[in-house]
Amino acid sequence: LLVHNNNSCSSKINTWNNSLILKPQLKLEERMSKAEKYRVLIQQINALVEGESDRIANTSNIIASLMQSFEFFWLGCYFVQGDELVLGPFQGPVACTRIKKGKGVCGAVWSNNEALLVPNVHDFPGHIACSAESNSELVVPLLDNDDTVIGVLDADSREYDHFDEIDKTNFIIIAKIIAEKYVG
Ligand code: SME
């Protein structure tokens, strides 16, 4: 399955392009329900990371593929280092680098080991506003094999109430893939 293209980029990007990025396929994608888009995306993410062990490469490609499909305002990971979450691979505007346990939405997800759907971030006590443009947020924990939080997957939207249970369910599945590849 590994494709070597002309400029020696060793990847599965060509397979990826054929299904999600090329314009004729985008029309097909536009007709899909959100749940169906996630189903296809998760299949492709699994194929994309199969056989690759580098945690930064895998996390970066997963974030990029999710962003290409859903065009959130901001999407990325934070990973636990000591008593802080530290910014990892992301797409979108510059973000806060370090978040203390219990602080903001991300810190609350770490403390409680529970995903949080926040329809209006301005109503969330202690919300950390990395950008004034973000109005709703979905954060899910990244768990190791013992269900210990090793990080979080965080998505922000400019729209209020942008995320729903379909996003949450599928983010949890994607977080599992990220964490499994991260832990190794
Ligand atoms: N809003 C988050 C901080 C991270 S940014 O959204 C990228 C929070 O309250 O934890």
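The figures that follow rest on heavy atoms only: side chains count, while hydrogens, waters and symmetry mates do not. When a ligand or atom number is given, it counts from 1 through the structure's own listing order.
Ring planes of H127 and H122: perpendicular class, angle over 60° (limits at 30 and 60°).
Legend: side chain to side chain donor-acceptor pair (under 3.5 Å) pairs involving residues 91-100, not counting sequence neighbours, sorted by first then second residue: E84-R98, E84-K100. Sorted by first then second residue, the salt bridge (Lys or Arg N to Asp or Glu O under 4.0 Å) pairs that include residues 115-143, not counting sequence neighbours, are E133-R158.
Remark: F163 engages F72 in a ring-ring contact (aromatic ring centres under 6.0 Å, His included) (not counting sequence neighbours).
Aromatic pair Y38/F70: ring centres closer than 6.0 Å.
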Contact table ligand 1 N or O to protein N or O, d under 3.5 Å:
| from | atom 1 | to | atom 2 | distance (Å) |
| --- | --- | --- | --- | --- |
| ligand 1 | 1 (N) | H127 | NE2 | 3.3 |
| ligand 1 | 1 (N) | I128 | O | 2.7 |
| ligand 1 | 1 (N) | E137 | OE1 | 3.1 |
| ligand 1 | 1 (N) | E137 | OE2 | 3.2 |
| ligand 1 | 6 (O) | D154 | OD2 | 3.4 |
| ligand 1 | 6 (O) | D156 | OD1 | 3.4 |
| ligand 1 | 6 (O) | D156 | OD2 | 2.8 |
| ligand 1 | 9 (O) | V105 | N | 2.9 |
| ligand 1 | 9 (O) | I128 | N | 2.9 |
| ligand 1 | 10 (O) | V105 | N | 3.0 |
| ligand 1 | 10 (O) | C106 | N | 2.8 |

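When L41, I45, V40 are each tested for a side-chain contact (heavy atoms from CB on, under 4.5 Å) with S69, only one passes: L41.
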